[in-house]
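Encoded as structure tokens, the structure appears first; notes follow it.
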Amino acid sequence: GIDRIPVISKKGSALGLVSVFDVLLDPRPRRSLRDYTRRLVIAMENASAYRIIRRLRAARLTLAGVVDAERKLTGIVTVEDLVRRLVQNA
């Protein structure tokens with residue numbers, strides 16, 4: 001299932017990720033979405049899978065936001081997706 005949702009600015013750029021569990025399991029009163037936002041590794045559409053994996057490992061994250069030339073979010077990619085691509089191309 002989907003448990004992390006990208007947070008996007010009005011202009012379409014990625015600001016981070018919000019974990020659904022952080023929001024649902026927080027015992028405190030409603031807070032701003034900003035309080036739950038986690039960082040997101042950003043990768044260009046034409047970046048190599050190997051390079052994105054290296055950046056994700058350095059950041060200790062498993063998801064990257066994929067952006068176009070205008071820095072607008074076009075998708076999300078996981079380490080699993082990237083490894084699968086590397087194995088298929090080998």
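Here the closest non-hydrogen pair linking Val41 and Ala59 is CG2-CB, 3.8 Å. Shortest non-hydrogen contact noted between Pro6 and Leu73 is CB-CD2, 3.7 Å.
Taking the side chain to side chain donor-acceptor pair (under 3.5 Å) definition, one finds that Arg34 meets it with nothing, sequence neighbours left out.
Grouping Ile, Leu, Val, Met, Phe, Trp and Tyr residues whose side-chain heavy atoms lie under 4.5 Å apart, directly or via other members, places Leu33 in a hydrophobic cluster with Val7, Leu15, Val18, Val23, Tyr36. Through direct or indirect side-chain contacts shorter than 4.5 Å among Ile, Leu, Val, Met, Phe, Trp and Tyr, Ile5 is connected to Val20, Leu24.
A side chain to side chain donor-acceptor pair (under 3.5 Å) check over residues 7-21, counting only residues at least two apart or in different chains, returns the pairs Ser9-Ser13. A side chain to side chain donor-acceptor pair (under 3.5 Å) check over residues 49-73, counting only residues at least two apart or in different chains, returns the pairs Arg4-Thr62. Within the structure, every pair that satisfies the salt bridge (Lys or Arg N to Asp or Glu O under 4.0 Å) test and touches residues 19-33, not counting sequence neighbours, is listed here: Asp22-Arg38, Asp26-Arg28, Asp26-Arg31, Arg31-Asp35. A side chain to side chain donor-acceptor pair (under 3.5 Å) check over residues 39-49, counting only residues at least two apart or in different chains, returns the pairs Glu45-Thr74.
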Would you list the atom pairs, donor with acceptor, under 3.5 Å between side chains in residues 81-90 and any protein atom, with sequence neighbours excluded?
unit_1, atom_1, unit_2, atom_2, d
Asp81, OD1, Thr78, OG1, 3.4
Asp81, OD2, Thr78, N, 3.1
Asp81, OD2, Thr78, OG1, 3.1
Arg84, NH2, Glu80, OE2, 2.8
Asn89, ND2, Arg85, O, 3.4

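By the rule that hydrophobic residues join a cluster once side-chain heavy atoms approach within less than 4.5 Å of another member, Leu63 and Val77 end up as members of separate clusters. The hydrophobic clustering, which links ILVMFWY residues whose side-chain heavy atoms are closer than 4.5 Å, places Leu40 and Val66 apart.
Interatomic distance, Leu61 CG to Leu17 CG, rounded to the nearest 0.5 Å: 8.5 Å.
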